[in-house]
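Reckoned from all heavy atoms, side chains included, excluding hydrogens, waters and symmetry mates.
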Amino acid sequence: MSDTDNEKPKLGMRAPLGLKRTVETGKVKQSFSHGRSNTVVVEVKRRRILGPGGAVTEAPATVEAAPAPAPAPQARAPEAPRAPTPSPGDSLLSRQELQAKLLREADESRMNALEERRRAEERERIDAVDEERRRAEERALAAEAKPEPQAPAAAAPVAPTPAPATPASVAPVAAAPAAAPTPAPAPVPAAPVSVELDPSMPAPRRFTPVARPERPAPRPAAAPATPATASSSGASPSASAASSGGLAPRRPGAEPPRPQQRDRKGDDRRQSGKLTVNRALGADEGARARSLAALKRAREKEHRRMGGPREAQAKQVRDVVVPEAITVQELANRMAEKGADLVKALFKMGMPVTINATIDQDTAELLVTEFGHNITRVSDSDIDLAVEHDVDADETMQPRPPVVTIMGHVDHGKTSLLDALRGTDVAAGEAGGITQHIGAYQVTLKDKSKITFLDTPGHEAFTEMRARGANVTDIVVIVVAADDGLMPQTIEAINHTKAAGVPMIIAINKIDKEGANPQKVRERLLEHEVIVEEMSGDVQDVEVSALKKIGLDLLIEKIQLQAELLDLGANPDRMAEGTVIEAKLDKGRGPVATVLISRGTLKVGDVFVVGAESGKVRAMLNDKGQQIKEATPSMPVEVLGLSGVPRAGDPLSVVENEARAREVAAYRQGVMTQKRTTSTPASLESMFSALKDKQAIEYPLVVKADTQGSVEAIVASINKISTDDIKARVLHSGVGGITESDVTLAGASGAPIIGFNVRANAKAREIAERQKVALKYYDVIYDLIDEIRAGMAGELGPEAFETVVGRAEIREVFSAGKHGKAAGLLVTEGIIRKALKARITRDDVIIYQGEIASLRRFKDDVAEVRAGLECGVTFTQNFVDIKPGDFLETFEVELRERTL
């Protein structure tokens, strides 16, 4: 409740007894530069005065501000008449204004006092400098006008030397006013020098020297100078000036000595507050020790100073290995020479190159010989394994089982015959009843002898598989159906066998069927220069039935007889070599290759190179799926542990270590990449063929299959479908299931994905559904080829065929309407029918192609006009550029489905 509330008259009650408050508090906000502010609590106090009769009066209010500094002491002014006592009705606003006014006055008085003190200190400093300069000039004039030395009595009296200044006396000049200068002995006045400050510039700052943190050692107090000492120390002012270097002793009013420049080399104040390991352990009293690098540099410098000039070392001749291409920097490193020296030598040879430039082997040889080194030429092909096979000695050869490849046309019973020999039923598991992979099996006969069989596909797409089977085999058994005779793939198998130079045996199968004619087969074989023994030839033949198991023993006997004539042998005690029959990417086992060992013994743990891939044998499985530890010659095995899926037909070679295997594989991969990316030299024919290829429509495809051989067959068949109008382009082909990367690639190019005996995983199916990518699955190759052919034909669209219906000659041109024209015709051939497509030619050049808008004869609209009659026609698009003598030709367009 405020004071005014207490003074209000209240009805029915008396005013309470009490004293009015004498202290009132308030807050004032101070603002400083740089956005700073401060809130000050201000108290207003009133002094109580007891007047006559006990009346209480209040003195003027005084303001106390806690944070504000006390103003400088000033001269006491005469007491002013006391201000009238403020009435209790003063408002709160007037009291706040009073508080702010008092605070401003206090701040102004404090700032004025500080400014006055600064100006006084500046004046004292300037006076001291002027006084010192004046004294120096007087001493110089006195020294110049000094008379001959006389007796000491004639010398002018010298003031005693003041005692050395104590620390209390060494204080800033601003602390006390300067003493009055003593008049000099030589009263020669000098020109007054005035030093003034620029009022527009801020006042100069004064820095007080900071003492070192460590306490200085106490010095012994100097003895007070006696009159005798003073008289003996210097008899005259000139003598004292001469002994002190021309400077008079310091006087009390002189400028205090300037602090000396601190030596920072030994100053460890920055580290004085840091705790280091040395300081914690008490080593060297916290001094910083020299680093090991500094000690090493000092020791080397001492050795160089003590050892004298170094002797020139003898040049070391090196054997430098130089490949076919090498950079200048790499050659310099191998020669242990400076790269700049090699660049300089090349410049002298007329070759301005940089240090990163690549030079050939001949240029590198010139540099190596010029610098006095020996060169060793190597080629990139030296990294690869030797292609030629070394011949094993006869005493190391041991008999091995023969490798027999069964070939023939599709559905002639090759797999069924092999199942009959092995006692298995592989054909039942084949999709579509045809073999689409090359299979390798080893059969153990009753006499414990073994024969390795390779089953090749008979479909026309698997030409490369048949050729590969003929190249790795010892004997070829060509199966011919007795009821079907020789077929295209049978003839192709005969040609592959002749090209491989291996003996063949003709097995005439299905002799138990009606209509079988084995003799007709023998006669047809004569057309291809295959003469069987029954016709006085050297080719064995046998009639068999895989279904009835007829003639199987005779076939085995003929195979063993042929193998005995060949005298097959191999050295098992050496590093293994073999050929990849088939390769695939297994989901659980990774890359798997079916390898036929040709010589040596392949063991678990061997490091090998196969094509552009390397690996280590992790496990081996035989044709029955059993794990084995080693594989001898002529044994087909599945090898696990490859770095990637090799190509079918790649040779396998065991090497000494993994580093060598990776080196050879990397070189072969580089060669394959270079072949794939190197462009052929441009010629006119290649340019025209490139333009023709660009005009053809591209049909992109992504092909994934279960084995490498199937991929080769599918890609080759797709490329054969291509025509001049449309060209199939395989974006990617690989072994294994359809993955997310395959779907992403197909989605980017709008290509369907062809899966042969593989499926897409869940993630790939999700992405394919989102990106609208077509997934097509097949398990029979001819279904795949037929559907791709139909898809490519559909991409081209239907083919248009034109059929000429009639021809007519324009005899006259008439007006038709305001702007149109009509042509009077004489039909010469066929029929002119309304709404047919028509073209007008003039001098055998087409000038119009469109449709007939109207057809009239004697002012009547007619549907058609036959040959020999006249009629009038108008054309669409309001064509009027018609002249007599032009010819009209009408035709129909028929759209037919395109076939490839």
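For Asp860, there are no salt bridge (charged side-chain N to carboxylate O under 4.0 Å, His left out) partners two or more places apart in sequence or in a different chain. For Asp783, there are no salt bridge (charged side-chain N to carboxylate O under 4.0 Å, His left out) partners, not counting sequence neighbours. Shown here are the side-chain contact (heavy atoms from CB on, under 4.5 Å) partners of Ala800, two or more places apart in sequence or in another chain: Val893, Leu895. Applying the salt bridge (charged side-chain N to carboxylate O under 4.0 Å, His left out) rule to Glu802 yields the partners Arg839; only residues at least two apart in sequence or on another chain are considered. Residues meeting the ring pair (Phe, Tyr, Trp, His ring centres under 6.0 Å) test with Tyr778, sequence neighbours left out: none. Residues meeting the ring pair (Phe, Tyr, Trp, His ring centres under 6.0 Å) test with Tyr699, sequence neighbours left out: none.
In this structure, Arg668 does not pair ionically with Asp650, as no charged nitrogen and carboxylate oxygen lie closer than 4.0 Å. Between Arg524 and Glu527 a salt bridge is recorded (basic side-chain N to carboxylate O distance below 4.0 Å). Ion pairing of Lys584 with Asp706 is absent here, as no side-chain N (NZ or NE/NH1/NH2) approaches a carboxylate O to less than 4.0 Å.
Side-chain atoms of Glu582 come within 3.5 Å of backbone N or O of Gly709 as a donor-acceptor pair. Although no hydrogens or angles enter the test, the distance criterion places no donor-acceptor pair under 3.5 Å between the side chain of Lys510 and the main chain of Ala482.
In this structure the side chain of Asn761 reaches within 4.5 angstrom of the side chain of Glu740, judged on heavy atoms. Within the 4.5 Å cutoff, the side chain of Pro651 has no heavy atoms near those of the Thr579 side chain. The shortest distance between side-chain heavy atoms of Lys414 and Leu418 does not fall below 4.5 Å. Looking at Arg833 and Thr890, their side chains never come closer than 4.5 Å, going by heavy atoms from C-beta outward. Under the 4.5 Å side-chain criterion, counting only non-hydrogen atoms from C-beta, Tyr848 is in contact with Thr876. A heavy-atom distance below 4.5 Å is not found between the side chains of His496 and Val476.
Looking at every heavy atom in both residues, Gly736 comes nearest to Val758 through O-CG1, 3.5 Å. Taking each heavy atom of Val477 and Ala507 in turn, the nearest pair found is CG1-CB, 3.9 Å. The heavy-atom pair separating Gly755 from Ile738 by the smallest distance is CA-CD1, 4.3 Å. The two residues Val743 and Val773 come nearest to each other via the heavy atoms O-CG2, 4.0 Å. Listed here is the closest heavy atom pair of Ser749 and Pro700: O-CG, 3.9 Å. For the pair Cys871 and Val827, the tightest heavy-atom approach, listed with the atom from each and the gap, is SG-CG2, 4.3 Å.
A donor-acceptor contact closer than 3.5 angstrom is absent between the side chains of Asp844 and Thr841. For the residue pair Thr363/Asp360, the side-chain donor-acceptor check at 3.5 Å is satisfied.
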Item checked: Full working for side chain to side chain donor-acceptor pair (under 3.5 Å) between Thr739 and Asp742 -> CA-CA 5 Å; Thr739 61; Asp742 301 328; 3.2 Å; yes

Notebook entry, point to check: Checking side chain to side chain donor-acceptor pair (under 3.5 Å) for the pair Glu892/Thr803: CA distance, chi angles, key distance, verdict?
Noted result: CA-CA 5 Å; Glu892 293 178 339; Thr803 302; 5.7 Å; no

Next item on the list: Starting from the C-alpha separation in whole Å, work towards a yes-or-no answer on salt bridge (Lys or Arg N to Asp or Glu O under 4.0 Å) for Glu698 and Lys727.
Entry: CA-CA 5 Å; Glu698 282 193 349; Lys727 180 181 179 182; 5.8 Å; no

